[in-house]
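Each ligand, and each atom within it, is numbered from 1 in the order the structure gives. For the single chain, residues carry numbers from 1 onward in sequence order.
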Amino acid sequence: MRKSLVPATLALALALALAPAAYAQPSPAEHALLHELAAQVSPERQHATIARLVGFGTRHTLSDTRSPTRGIGAARRWVAAEFAQMSRDCGGCLTVETPSEVFTGKRVPNPTEVMDVLAIQRGTTDPDRVIVISGHIDSRVTDPLNATSDAPGANDDGSGTAAVIEAARVLSKHRFPATLVFAVLSGEEQGLYGGRVLANYATKHAWRVEADLNNDIVGNSEGINGVRETTRVRVFSEGTKTVETSAEADRRRYNGGEVDSPSRQLARFMDGLANGYLGNFKVAMVYRTDRFARGGDQVEMLKAGFPSVRVTEANENYNRQHQDLRTENGVRYGDVLEGVDFAYLANVTRLNVVALAALASAPAPPTHVEISGAVSADATVKWAPAADTARYRLWWRSTTDPQWRYSRLAPPSGKAVLKDVNIDDWFFGVSAIGADGWESPVVFPGGPGSWTHEEPPPAAAAPGTPGSTP
Ligand SMILES: [Zn+2]
C-alpha cells in the first residue's frame, strides 16, 4: 500500500480546519459593549437598593399604600422615583408607567389594586419589539395573608428588584434598536397578579415581547444544605409552549420539538453569553418552567404567549424564604439583608444586562422557519427574510444535545440546503445576524419553535384568539 504523503498530524489539522464550526451561541463576533456593560454593574449600588427596600418594613401586597415610609405603596413610589431620576440622567430616555388592576382571590380576600412600576426605554428603530427584565417587589412572611409584620424580602425578591433597577441604570446610558422594559411587579406572593398585569399591559399595547427575563430569588449563594454556589445561576425554561395548539402538539409529538420552545432558546442564548462574557460564571439550564411545583411571574407571561425564563440562584435557602423573623434552636429564620451575597447578585445581574443588550441589539428572531428533506440526503431550511438582517446562520445539533453545536452561515435569501445533513438525525434552527454582527437567538422550525408574535400559517390556526391559552 502506498504511504500517504501527508503526515498524520497535518492530516488531522486539515480535517479539523475543514470540519463545520462547533460552538454554542453567541456567534464568534465578540462585542466590546457587552464587556463594558458587565463591568458597570455595581454590587455596592445593589446593596444600597436592597437596604432601602428592606427599610419599608413590609412590602406585602395587602400592606399600607398611603404611608410615606412603610408598606408597598411607599416602596413602589420609591422605585418610580428612582426610574424618574435615571430618566433625568439620560435625557428623558425612560417613560415610567404604573399599570394596575384590582383582584380578589384566595390570597386576596378583599378587592385590592395590584400595581406594577415599569420603566420603558423605547427602541430606536423597532420600538414594538420588546425585551423585558422583571422582578417582584412584594414580600411576605409565613402566613401569606399577614400584611403587617416585618417582611424584609431582601432576597425574595429584593434581589430581583435590585437586578431590574441596576440593569435600568446601566442600560439607560445606551440606545438600542428594540425597546427595553424594566418591570418591578407586585402581587407575586398572592397569586402572580403582577405578572398578569404586565402580560395584559403588553397585550393591550401590542408589544411583540421577545423575552421576559424574570429574576426571582437571585441573591443568595449559601444553600440550605450548607453548600455555597457562587459560580452558577439556574435558568428555567418551558420545553413546549404554554400556548401550543392541539394541532401543533400532534405534529410536535411526531416530528420533535419537546425541548425547543422560544423560551428554551432564550436559555441557550443566555448560556452562550455567559460562556463568552462572564468568565467563571455559568448558566445551569433547567428544562422546567419553574422549580418543582413552584411558580413565578414568568408563568403569566407564558400564558400570554411571550417567551420567558425564570432566573434563580443555584442553591436556595428555604430558612430565608417566606419566614417570620425568628430564631429557633439556634437557627435564624427570615429573608434578611445578611442573607444576600452581593458579589453573586452582581454576577446574576451581569448575565441579565448582557442578555438584554444582546437581544435588543440583534435583529428579530427569524420567522416562518421550516425544514424539509424527508427521504433525501440533504436538509433544506427555509425562513422569511427580514429587512434588518444581513445574513443568517443555520444551526444543527444531535437530537440529544442540550446546546446548538454546529453552524454554517447562509445568505439572506430565505432558503439554504445543508448537503449531506440528514433531516432524520438532527435538530435544526436559524438565527438572524445584523450588519454589525449582533445575532438573535436560534429559532426551531414550525409551531414548537416559532416566536409567538408570528402569524401562524392558516393550516395551523387554532380556534380562539391568537396567543390565548388553549
Ligand atoms: Zn419570589
For this session: Find, among atoms of H136 that are N, O or S, the one nearest to the Zn ion (ligand 1), and state its name.
Result: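 Restricting H136 to its N, O and S atoms, the minimum distance to the Zn ion (ligand 1) goes to NE2.
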Output the atom name for the N/O/S atom of D216 with the smallest distance to the Zn ion (ligand 1).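 Sorting the N, O and S atoms of D216 by distance to the Zn ion (ligand 1) puts OD1 first.
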**OP:** Could you name each residue pair satisfying side-chain hydrogen bond (donor to acceptor under 3.5 Å, both in side chains) that touches residues 191-201, not counting sequence neighbours?
**Re:**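 Listed by first then second residue: E101-N200.
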- Message: Does R264 qualify as a cation-pi partner of Y287, given the criterion of NZ or CZ under 6.0 Å from the six-membered ring centre and within 45 degrees of its axis?
- Response: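 Geometry flag: set, cation within 6.0 Å and 45°.
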- Sequence-distant partners of F427, ring pair (Phe, Tyr, Trp, His ring centres under 6.0 Å), two or more places apart: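 If we apply the ring pair (Phe, Tyr, Trp, His ring centres under 6.0 Å) test to F427, skipping adjacent residues, the hits are F444.
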query = Which pair of heavy atoms, one from R107 and one from E189, lies closest together, and at what distance?
reply =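 Distance-wise, the nearest heavy atoms are NH1-O, 2.8 Å.
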Exercise for the section: Check whether any N, O or S atom of D156, backbone or side chain, sits closer than 2.8 Å to the Zn ion (ligand 1). Expected result: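 Within the cut-off used here (under 2.8 Å), D156 does place an N, O or S atom near the Zn ion (ligand 1).
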